[in-house]
A.B. asks: 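If you scroll down you'll find the structure; I have some questions about it.
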Amino acid sequence: MELTLGVAAHVDAGKTTLCERILERTGVLRRFGRVDHGDAFLDDSPLERARGVTIYGGQASFSLTRADGTPLHVTLMDTPGHVDFAGETERALGVLDAALLVVSCAEGVQSHTQTLLRMLRARGIPTLIFLNKTDREGADRERVAQQLARRLSADCVPLWQEHAQLAEELAARDEALLERHCDGEAAREDYLAGARRALTAGTLFPVLSGSAMTGEGVETLLEAVAALCGTDYEQRLEQPFSARVYRVRRADGVRMTYLKAMQGRLAPREVVATPQGERKADAIYAVQGARLSSVSELRAGQTAAVAGLLARPGEIVGEGAGSTAPELVPVMSVEVEPVPPLDRHALLAHLRELEDEDPLLAVRAERGMLEVGVMGEVQIEVLESVLKTRFGDSVVLTPPRTLYRETIAAPAVGVGHYEPLRHYAEVWLLLEPGEPGSGVTFTAACPPNTLELNWQRLIGTHVLEREHPGVLTGSPLTDVRVTLLAGRAHLKHTEGGDFREATYRAIRHALMNAQSVLLEPTLRFELAMPSGALARVTGELLRMGAELDAPQTDSEETTLSGECAAAAFWGFPSRYAALTRGLGRLSSRFERWSPCRNQEEIVRERGYAPLADEANPAGSVFCSHGAGVYVAWDHVREWAHGADEAQLAQERLVAQRGGR
């Protein structure tokens, strides 16, 4: 049986140390490595060892024996604990069969712990909890167990309870077990089966305790994993191959795509469908820390590094090939400037390579600038270090600034025409405000007798294949519904690239006619602090323009939650530490894009001139007297060919929607 077990925690909870101890106890390591000694097996990059923090996810495999004597092959994934590298953690969550959430028994439930459990629950990942550092001064597992029940879930059940009490707790979370328990017929195996069902259903989070440093409780933890966790990949082996990409790395200059096979099998040299087209799996490697060893097959439930596939993290390859949008969103960016003799083109190539490994970097190369999305200040420092150590690049990073998005407040129609000599395409698009969080969507309301379906599908591809810059600040367009009203092609002269030009110009033309709205990122935050700090913290948040929920106070502390613009919140964590004298806990996450409170000021500050953006023209190219002529955006309708068809399509659309 194959099982992928991820280990997650708030930074400094002892997660990597626990992974090291597990690998030592299962015979993978002869010697126990330590983060503070810089010799942890899974923190194998020089940068991780120098900083003593997990930046990239590491993995290794070992075997356990289940109660029935069958082997359980476990792939252990160590994920970053620092919130700045939560994107790496999120990508790993997509391939987990079970998770181990590590909580420091000395510090208790910390800010990022709550965020991690929320992410695990949202994905339905069965989760065990390990209270680490019970050997530390001030550690109190009973107190922390109460915190778990209060702050994370009432379904956090300590497994060290007396048998009768534990039996009651387990029976309350599984209906089949409850019936046998009440009849007095439940045996040990019944309680185990009930616990497995409840764990899978998300109504039970078994809590264990111990010390990774001394090894106390680790054997019990492994026994719990073997007894409670299971998968059904054996039943999926004969299905068509499908896998999820969760990581991209380079080994000796070769790009490796890390896959988790969800079903079927894959052998070297086989061709696999990817979102970018069919690709050949040149070689398949088992992963053990930094070591790669060639294998003859990747089977359902297993992970491997594959050479030759050009898929990106978050994508599906094989059956159902496609991609999924990440939950996490960078809300700030930094401009990266090369220091001579490094030139901009070489730096861009290096940033693209890093973006290939971490799509959240969202590299933008526009108007002579190289801009990179970031999650926090530590990631900025790491980015500078990686550019230096991997590529030898010396760069200057500007102070972070907010990433914005743009949308529209009312419908607008745009037309794009592309007709240089021996080319022809025209596209009419209706842009309408979409639902918040919907991104850019596409539908067609164009009859196939006026434009063939293959051209309509191609237009839809061009609408969705890239981020379209808005006209206020050049920020990416979002929450817009795009409808194809009409289009024209030429039997002889139309090529695929012609519709790309026409589509991009139609979107730009519509935006020039639209009422654009600038959106800023809004964060949802949760703060826990000593009650005496509430007044100071509340005052600071109100000065930042935050909207606050009613505070919740218990015997230990006060919890305060609310929402705040990301730009105002950026420097708050360091101030919060001072306001609470280091005793507060903070977690925050992207909540939504909201209308910018100071739109005019930001637009003026950014100084974006949409008509000067030559890479995104709003005008069109028409043929006149045998030559291509550029027509400015405010005169395109006078030259366009398909106005009547577009008007009819729009009237039909209004009628279908009941006149709205």
Side-chain angles (χ1 to χ4, degrees), residues 406 408 410-434 439-471 476-478 480-514 516 610-611 613-624 628-654:
E406 296 184 29
I408 58 175
V413 173
V415 56
H417 189 98
Y418 188 68
E419 193 185 359
L421 192 62
R422 296 188 181 87
H423 292 270
Y424 186 94
E426 183 170 288
V427 174
W428 289 76
L429 298 176
L430 170 65
L431 272 60
E432 300 172 280
V440 176
T441 60
F442 174 81
T443 56
C446 177
N449 62 336
T450 61
L451 184 66
E452 293 181 8
L453 289 177
N454 63 312
W455 294 128
Q456 295 191 34
R457 286 191 288 267
L458 184 61
I459 292 168
T461 298
H462 295 323
V463 169
L464 302 176
E465 70 187 357
R466 57 165 280 192
E467 289 184 333
H468 298 278
V471 295
L477 192 66
T478 191
V480 171
R481 191 166 65 242
V482 180
T483 303
L484 173 63
L485 296 177
R488 287 192 174 188
H490 192 282
L491 286 174
K492 187 175 179 182
H493 297 310
T494 298
E495 299 176 357
D498 299 345
F499 273 107
R500 176 182 289 108
E501 287 284 346
T503 301
Y504 290 179
R505 293 167 190 267
I507 292 174
R508 192 71 167 175
H509 184 251
L511 291 176
M512 293 297 295
N513 288 297
S516 292
L611 295 180
D613 188 349
E614 296 180 358
N616 297 284
S620 287
V621 179
F622 290 84
C623 185
S624 178
V629 176
Y630 182 80
V631 176
W633 73 273
D634 50 347
H635 292 286
V636 167
R637 276 185 176 248
E638 303 165 17
W639 288 65
H641 300 164
D644 292 341
E645 295 101 311
Q647 181 64 35
L648 285 172
Q650 192 169 3
E651 290 173 358
R652 284 195 301 270
L653 200 60
V654 170

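Along the sequence shown, the residues carry numbers beginning at 1. Note that the coordinates shown come from a computational prediction; the quantities given were computed from them, not determined experimentally. Heavy atoms only: backbone and side chains are in, while hydrogens, waters and symmetry mates are out.
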A.B. asks: Could you pull out all donor-acceptor pairs under 3.5 Å where a side-chain atom in residues 420-432 meets a protein atom, sequence neighbours excluded?
C.D. replies:
unit_1	atom_1	unit_2	atom_2	d
H423	ND1	D498	OD1	2.8
H423	ND1	D498	OD2	3.4
Y424	OH	H641	ND1	2.7
E426	OE1	H417	ND1	2.5
E426	OE1	H641	N	3.0
E426	OE2	W428	NE1	2.9
E426	OE2	H641	N	3.2
E426	OE2	G642	N	2.7
E432	OE1	R657	NH1	3.1
E432	OE1	R657	NH2	3.1
E432	OE2	R657	NH1	2.5

A.B. asks: Could you check whether any side-chain N or O of T450 sits under 3.5 Å from a backbone N or O of C446, counting only pairs where one atom can act as donor and the other as acceptor?
C.D. replies: no

A.B. asks: Could you tell me the separation between the CG atom of L484 and the OG1 atom of T503, rounded to the nearest 0.5 Å?
C.D. replies: 8.0 Å

A.B. asks: So, R466 side chain and Y504 main chain: donor-acceptor pair closer than 3.5 Å or not?
C.D. replies: no

A.B. asks: Can you tell me how far the CG atom of L485 sits from the CG atom of L451, to the nearest 0.5 Å?
C.D. replies: 12.0 Å

A.B. asks: Rounded at 0.5 Å granularity, tell me how far CZ in R508 sits from OG in S620.
C.D. replies: 13.0 Å

A.B. asks: Do you know the tightest heavy-atom contact between A445 and R652?
C.D. replies: O-NH2, 4.0 Å

A.B. asks: Is there a side-chain contact (heavy atoms from CB on, under 4.5 Å) between N513 and V413? Walk through the geometry before answering.
C.D. replies: CA-CA 7 Å; N513 288 297; V413 173; over 6 Å; no

A.B. asks: Name all residues meeting the side chain to side chain donor-acceptor pair (under 3.5 Å) criterion together with E501; count only those two or more places apart in sequence or in a different chain, and write none if there are none.
C.D. replies: R505

A.B. asks: How close do Y630 and P617 get, counting heavy atoms only, and between which atoms?
C.D. replies: OH-CB, 4.0 Å

A.B. asks: Per the salt bridge (Lys or Arg N to Asp or Glu O under 4.0 Å) rule, what does the pair list look like for residues 633-647, sequence neighbours excluded?
C.D. replies: R488-E645

A.B. asks: With a 4.5 Å heavy-atom cut-off, do T494 and W455 have their side chains touching?
C.D. replies: yes

A.B. asks: Just do the side-chain contact (heavy atoms from CB on, under 4.5 Å) check on E406 and T478 with the steps written out, would you?
C.D. replies: CA-CA 6 Å; E406 296 184 29; T478 191; over 6 Å; no

A.B. asks: Could you tell me whether R500 sits above the aromatic face of Y418, with NZ or CZ closer than 6.0 angstrom to the six-membered ring centre and within 45 degrees of the axis?
C.D. replies: no

A.B. asks: Just by distance, no angles: are the side chains of E651 and Q647 close enough, under 3.5 Å, to form a donor-acceptor pair?
C.D. replies: yes

A.B. asks: For a side-chain contact (heavy atoms from CB on, under 4.5 Å) check, start with the C-alpha distance between V629 and V621, then their side-chain angles and the critical distance, and finish with the verdict.
C.D. replies: CA-CA 5 Å; V629 176; V621 179; over 6 Å; no

A.B. asks: Verify whether the ring centers belonging to H462 and F499 lie closer than 6.0 Å.
C.D. replies: no

A.B. asks: Check whether any side-chain N or O of H509 sits under 3.5 Å from a backbone N or O of W633 as a donor-acceptor pair, and report yes or no.
C.D. replies: yes

A.B. asks: Find out whether R481 and P433 are in side-chain contact, i.e. whether some heavy atom of one side chain is under 4.5 Å from a heavy atom of the other.
C.D. replies: no

A.B. asks: Side-chain contact, heavy-atom cut-off 4.5 Å: V440 with V482?
C.D. replies: yes

A.B. asks: When you look at V480 and I408, which way does the side-chain contact (heavy atoms from CB on, under 4.5 Å) test go after all the steps?
C.D. replies: CA-CA 7 Å; V480 171; I408 58 175; 4.2 Å; yes

A.B. asks: Rounded to the nearest 0.5 Å, what separation is found between the CZ atom of R457 and the CZ atom of F442?
C.D. replies: 11.0 Å

A.B. asks: Nearest 0.5 Å, what's the CG-CD1 distance between L453 and I459?
C.D. replies: 11.0 Å

